[in-house]
Amino acid sequence: MTILISTLVGVFLVLLASGVWIGLSMMATGIVGLGVFRDLPVDKILGQSLFNTVSSTELLALPLFILMAEMLFRTRLSENMFSGLAPWTTHLPGRLLHINIVASTLFAAVSGSSAATTATVGRITLSELDKRGYDRDIAIGSLAGASTIGFLIPPSLPMIIYGVLAEVSILQLFIAGIIPGLLLAFGFSLMTMALSIYRGTSKAGGETYTRQDRIQSIRDLGPITALIMLLIIGLYSGFASPTEAAALGVAGVMALAAFSGDMSFATLRAAAVSTVYTSSMLALITSGGAFLSVAFNYLGIPTFVVGFVTDANLSPVGIVLVLLVLYLFLGCILDGMSMIVVTLPITLPAILIAGWDPLWFGIFLVVTIEMAQLTPPVGFNLFVIQGITKEPMMRIAKSVVPYFGVLLVLMALLIAVPDIVLWLPSKL
């Protein structure tokens, strides 16, 4: 078994280093494993696995949520968030810096994509904060950190992929992510206040707002709030499944864009093309991961891992800590989605034998993915921010360190108190 695992890891790493797409690398690794170590009809197994994955109705939610985020990105709905939130943050240390966090949390509730949240909120807030004299490092760090909330606040693309691969209810995952997501937003705000006070910039900007400004801000926030409420009511009332809620969200965004005069054929075409690119990439990664999982089962790797974990006599917390170190390392070389599909066939059996709830493990994985978004050299959010700011990568990475610490604190809380994840789903 050691020779088998070493061979498969070697094949996978060589393919990745050669520049082969990660979805194809996973498929090729599975083909090598079944073709060399087992006498099985690889073509039939591959064909059946691909068909089962791409025909999954749960995965229909992916392109719909991505299209919704792309439409928001190209309309004035996202721009209105800054003007709508500004009058409500001026009494906090750090003042308008908190818009990065609140806007990211709101946008996360309708996008499900960390990269889309980073790009949308960053293009709106960073230039405005620069004009008003705010600390640039805190502005960059708070944006990079807060944009990861897009993975925890439902709807969440990684939760959909995890739910499909691990056969866990996607709606239960969405519900489980609410409290950790809000705790994370609160932690980021506390860190922003602490950094602003420490650096003597807690009252930067000096903006003043009247009661009339706050009334106007409610009008600016109205459309995005209505869209969020549409999704929440649809999902949690039982009226709509995650896929149907995604369709409702797309219809809602298009209606709001048409009402505000932002709807045009060029806008719709640009959003659709970008959605096809992103959805195709995710579909390839998910299909490759699903086939690799099937191949691992035929090869007996999950059974071997379960036996290894049992013989090691590690405590449940010890197993989770080992996996946390593993995922922090993988976050430096793989993107978050790939981390899920590559490791899940091996790590999920280990987690189950240790007695952890697969629902809890889904949120654990999502938080590790959020960390991966912030770890160089592959941290995707860092590249998005660099594209917006043109700042050196080293400065961006240093700005993110305090907010990465907040993610570590959240992870410690989730391990120490699993009910942070499990309580709300058990009540609904």
Side-chain angles (χ1 to χ4, degrees), residues 54-81 84 103-117 120-121 149-164 168-178 181-182 219-265 267-276 278-279 282-283 366 424-425 428:
V54 299
S55 62
S56 169
T57 55
E58 290 86 354
L59 281 181
L60 281 176
L62 276 177
L64 291 171
F65 280 129
I66 293 168
L67 178 59
M68 183 167 57
E70 292 291 341
M71 288 296 298
L72 278 173
F73 176 67
R74 289 169 170 80
T75 64
R76 282 176 291 180
L77 294 173
S78 54
E79 295 177 10
N80 289 342
M81 281 195 294
S104 295
T105 306
L106 288 175
F107 195 81
V110 289
S111 77
S113 168
S114 178
T117 301
T120 303
V121 177
I149 297 173
F151 283 160
L152 264 181
I153 298 289
S156 164
L157 304 186
M159 287 183 189
I160 294 173
I161 292 176
Y162 174 82
V164 170
V168 175
S169 166
I170 293 172
L171 183 55
Q172 288 279 298
L173 284 167
F174 282 180
I175 296 170
I178 294 174
L182 295 178
R219 296 174 187 165
D220 291 336
L221 291 174
I224 194 76
T225 303
L227 188 60
I228 292 171
M229 293 306 297
L230 176 67
L231 287 177
I232 291 175
I233 293 172
L235 276 171
Y236 304 130
S237 67
F239 173 72
S241 68
T243 303
E244 292 163 344
L248 280 174
V250 171
V253 170
M254 290 186 174
L256 292 173
F259 182 77
S260 63
D262 292 328
M263 177 66 79
S264 67
F265 178 77
T267 299
L268 189 58
R269 183 182 184 279
V273 169
S274 183
T275 299
V276 169
T278 306
S279 301
L282 292 177
V366 168
L424 190 57
L428 297 177

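Heavy atoms only: backbone and side chains are in, while hydrogens, waters and symmetry mates are out. As the structure is a prediction and not an experimental result, all values here were calculated from the model.
Summarising the geometry, atom CG belonging to Leu152 is positioned 11.0 Å from atom CG belonging to Leu173; distances are rounded to the nearest 0.5 Å. One distance of note links CG of Leu268 with OG1 of Thr275; it measures 9.0 Å at 0.5 Å rounding. Atoms CD1 and OH, from Ile170 and Tyr162 in turn, are 12.0 Å apart once rounded to the nearest 0.5 Å. Rounded to the nearest 0.5 angstrom, Leu256 CG and Phe259 CZ are separated by 8.5 Å. Note: Leu106 CG to Ile153 CD1 = 9.5 Å, rounded to the nearest 0.5 Å. Separation of atoms CD1 (Ile149) and OG (Ser156) is listed at 12.5 Å; rounding is to 0.5 Å.
Under the 4.5 Å side-chain criterion, counting only non-hydrogen atoms from C-beta, Leu424 is not in contact with Gln172.
Across every non-hydrogen atom of Phe151 and Met159, the tightest pair is O-CE, 3.6 Å. Residues Met71 and Ala257 share a closest heavy-atom pair of CE-CB, 4.5 Å. Scanning all heavy atoms of the two residues, the minimum distance from Pro158 to Val366 falls at CB-CG2, 4.4 Å.
Of the possible polar contacts, none joining the Thr267 side chain to the Met263 backbone as a donor-acceptor pair under 3.5 Å is found.
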